[in-house]
Amino acid sequence: MKKLTPYLVCILFNFVSAQSDRKLRIYGDLAFAEKDWFGAAQYYSRVYSHDSSDIRLQYQFAEASRLNFDNDLAIRLYTKVLTNDEKNKYPLCYYWLGQLYKQKGNYKDAKKQFTKFSKTKKKKYNFNLDYYLKKCNIEIEACNWAPQAIKLPVIPKPEHLDTNINSKVSEYAAFEMDSTLYFSSLRIKNKRDPNEVAFNKIYQSDIKNTKWQKPTLLDTSINSTYLHNANTCFTEDYQRMIVSRCKAKNASEFTCEIYYSDQLNGKWKELASLPPPINLKGYNTTQPSFGKINNKTVLFFASNRPGGQGNLDIWYSYVNSDGTFSEPVNAGKNVNTPDDEITPWFITERNQLFFSSTYHKGLGGFDIFKSIYKDSLFLEPENAGYPINSSYNDIYYSVNKAKNRAYLSSNRVGSFFEHKLNCCNDIYRFDIEPLTLPPKAVDTLQENKQQLKLLVPLTLYFHNDEPDPKTKNIETKRNYESTYIDYKKLVPDYEKYYPAGLTEPLKEKALESLTDFFTDSVDAGMNDLIKFSKLLEQVLLKNEIVKITMKGYCSPLASTDYNVNLAKRRISSLRNYFTEYKQGWFKKYINNTTPGEGKIIFEDVDIGELEASLVSDDLKDKRNSVYSPFAAMERKIQIIAVSFGAN
């Protein structure tokens, strides 16, 4: 019998390996279709270790990794897809990179990715491009807003509950009644049994000497052995408990119904399913909570039933005097969106609905929002703010029975985990103004003054020698907004001249740096100026005296006398902006002499000379002296300070 040559052995090995990889790809795709993200990622990983060049595999592996909370790996894989010549087939890479960077709190890089995705050309894709483009615009706005929100925390840092409550798996849906905390958890009873299947169960823990005791399972009248049990809530008299029970639809999705139990002789009766119109066959009905609207008891819940805005929506149903339920009502388009809206909690004392959403403007992942119920309508929701919200998932807002403390669940940094960072939710709590007291008056003047200060230094940029080029005037009739509009019209020239003569990889980087400059500096400056103006209006209406200090800059590489005058013209354009704002709205306040009224005082400081740079000042070298983002960064003025109460 002949021995196989090394060459034939190699061919045979490669053939067997290729067959094996094909099977692994099939298994991975099947797991992905079943939404078994962990299994899919494992199969794709094995194939990827043999061949990392297949762009479809890279993308599928990235998708599975993202959905499996392997965020760093997903970022690397999406980035690798975008280095491929066929990257245009996978424009969602930019969108998901934006979401992943946002979740890390890296709003600058997130905005860059969202901005790139926003330029996706319309054609046929296997996804709804219009939805993603609309959502992308919200995300860009969120990336501008989030850093400011973090600078204005609404509460001290929430308390992370100890290991008697939180474990290395998920804990959520907390409700504190007297000295008892009810919550849900996916913890395994017997950690030594590798075959034990984990089911969500409802636990309770008592607090003694300010410490939480070891939690105990509610009995089997509440916790079904082979179903997921969660989301405890109670009627106002605490004689009825409502929970969700869920069956696994696949590896990641569940079908849920709402169940109830009444107290009899101090014990909870066996759970029973709520009849229609609450539970609707074939649809999810979950995350119940009670509240009162117009003194009538209402059951809130999340559901994907027909008649909503898309996916899970917030619904509510009035409880009739005989204990039956009215036809559920959708909370409306202000609250509900094409994404999921979940975990409702209604604050009767404030007519406020708290819920979580991934669609409204947030810090990242699910954020908690609040919406006022007024005139039979839920109004435009407001973000609950930082650090109630983080860049990760923040859900299950609830208020305790005493109405002086709130709870939430989050997988934010600091939450416990077994194998994977930010995989699992933990329970956090924080003190609130007691709801038994009238709402505390908000000092909007102080808030607006603080936000004005946070916007400075506010930097504004100009095209070369603008406004009024080739003059020595120290004033101009232009206003900054008009120079900004003209500046943006020149973007095609910048994109033509700055990358000129560069090879393809360097050309792409040059175009990217231009996009970053106009987005992160020029546009951001104009947006901040608009915010500044709106806040300034509110402060002046409160009869505040406001001093605005401005500074121009000039380059040391050209004639100092000329550039000083140019810097003064630029400051003049900003003054004109304020003078002409809203057909002269600010005019009456500029150097106003009427006692007791608002007043604007403009103050200029000495023109600042920029530090010497390597930027060319040779106008024959327009690529570097005019169209380079490095040169453009030097053509600026700033509002460097804002102060109040000065005369």
Side-chain angles (χ1 to χ4, degrees), residues 107-108 111 140-154 385-386 443-462 467 479-481 483-484 487 516-554 566-582 585-587 589-592 598-611 632-647:
Y107 298 110
K108 185 176 181 180
K111 182 180 173 182
I140 290 170
E141 187 180 346
C143 289
N144 290 330
W145 163 83
Q148 299 296 329
I150 290 170
K151 291 177 183 177
L152 293 167
V154 296
Y386 173 85
D443 190 343
T444 54
L445 175 60
Q446 291 304 318
E447 278 193 2
N448 289 335
K449 285 163 70 173
Q450 188 178 5
Q451 290 188 49
L452 274 171
K453 285 190 171 185
L454 286 170
L455 285 171
V456 298
L458 195 162
T459 308
L460 304 169
Y461 295 88
F462 297 80
N479 82 47
Y480 178 74
E481 186 172 18
T483 69
Y484 162 79
Y487 197 4
D516 290 347
F517 169 69
F518 278 100
T519 301
D520 298 339
S521 299
V522 180
D523 292 343
M526 188 66 224
N527 290 335
D528 283 349
L529 182 58
I530 292 169
K531 290 177 194 173
F532 188 95
S533 304
K534 290 178 179 178
L535 290 166
L536 183 59
E537 281 185 65
Q538 300 305 312
V539 169
L540 292 168
L541 287 171
K542 296 287 186 179
N543 303 317
E544 188 69 40
I545 298 172
V546 186
K547 181 188 283 186
I548 299 171
T549 305
M550 297 181 287
K551 184 173 185 176
Y553 293 86
C554 60
L566 175 58
K568 288 180 177 179
R569 288 201 301 279
R570 288 172 175 169
I571 290 175
S572 172
S573 76
L574 181 54
R575 284 175 180 263
N576 293 341
Y577 166 83
F578 285 112
T579 303
E580 297 169 20
Y581 177 82
K582 287 188 175 180
W585 196 94
F586 287 128
K587 269 186 178 180
Y589 295 102
I590 296 173
N591 297 320
N592 187 12
K599 179 179 181 179
I600 298 175
I601 301 169
F602 289 121
E603 178 186 53
D604 298 347
V605 298
D606 291 340
I607 301 301
E609 189 173 273
L610 293 164
E611 293 181 6
M633 288 291 288
E634 296 186 349
R635 303 192 293 260
K636 65 183 181 181
I637 60 169
Q638 287 183 325
I639 297 175
I640 62 169
V642 57
S643 58
F644 306 97
N647 286 304

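Worth knowing before you read on, the calculation uses all heavy atoms, side chains too, and leaves out hydrogens, waters and symmetry mates. Numbers here are sequence positions counted from 1. This structure is a prediction, so every number in the text was calculated from the model and none was measured.
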Asks: Roughly how far, to the nearest 0.5 Å, is CD1 of I600 from CZ of F578?
Replies: 7.0 Å

Asks: Would you kindly say whether Q638 and Y553 are connected by a side-chain donor-acceptor distance under 3.5 Å?
Replies: yes

Asks: Does some side-chain heavy atom of L540 sit less than 4.5 Å from a side-chain heavy atom of W585?
Replies: yes

Asks: State which residue, out of R635, M550, K636, fulfils the side-chain contact (heavy atoms from CB on, under 4.5 Å) condition with R570.
Replies: R635

Asks: Could you tell me whether the side chain of V546 reaches within less than 4.5 Å of the side chain of Y589, counting heavy atoms only?
Replies: no

Asks: Counting distance only, does the side-chain N/O of S572 pair as donor-acceptor with the main-chain N or O of K568 below 3.5 Å?
Replies: no

Asks: Which atom pair, heavy atoms only, marks the closest approach of Y480 to Y461?
Replies: OH-O, 3.0 Å

Asks: If you look only at pairs with a residue in residues 143-153, which of them pass as a salt bridge (charged side-chain N to carboxylate O under 4.0 Å, His left out), with sequence neighbours excluded?
Replies: none

Asks: Decide yes or no for L455 and Q451: does some side-chain heavy atom of the first lie under 4.5 Å from some side-chain heavy atom of the second?
Replies: no

Asks: Could you list all the salt bridge (charged side-chain N to carboxylate O under 4.0 Å, His left out) pairs where at least one residue sits in residues 443-458, not counting sequence neighbours?
Replies: K449-E544

Asks: Once you round to the nearest 0.5 Å, how far does CD of E537 lie from CG of L541?
Replies: 7.0 Å

Asks: What is the distance from atom OH of Y581 to atom NZ of K534, rounded to the nearest 0.5 Å?
Replies: 6.5 Å

Asks: Taking the side chain from N448 and the backbone from L535, do they hold a donor-acceptor pair closer than 3.5 Å?
Replies: no

Asks: If you apply the rule side chain to side chain donor-acceptor pair (under 3.5 Å), what do you find for Y484 with D523, and how did you get there?
Replies: CA-CA 9 Å; Y484 162 79; D523 292 343; 2.8 Å; yes

Asks: Answer yes or no: is there a side-chain heavy-atom contact under 4.5 Å between K587 and T579?
Replies: yes

Asks: Starting at CG of L529, measure out to CG of L574 and round the result to the nearest 0.5 Å.
Replies: 6.0 Å

Asks: Rounded to the nearest 0.5 Å, how far apart are CG of L454 and CG of L152?
Replies: 4.5 Å

Asks: Does the side chain of L566 come within less than 4.5 Å of F462's, by heavy atoms?
Replies: no

Asks: Between I530 and Y577, what is the shortest heavy-atom contact and its length?
Replies: CA-OH, 4.1 Å

Asks: Quick check for you: to the nearest 0.5 Å, what is the distance between D604 atom CG and K551 atom NZ?
Replies: 12.0 Å

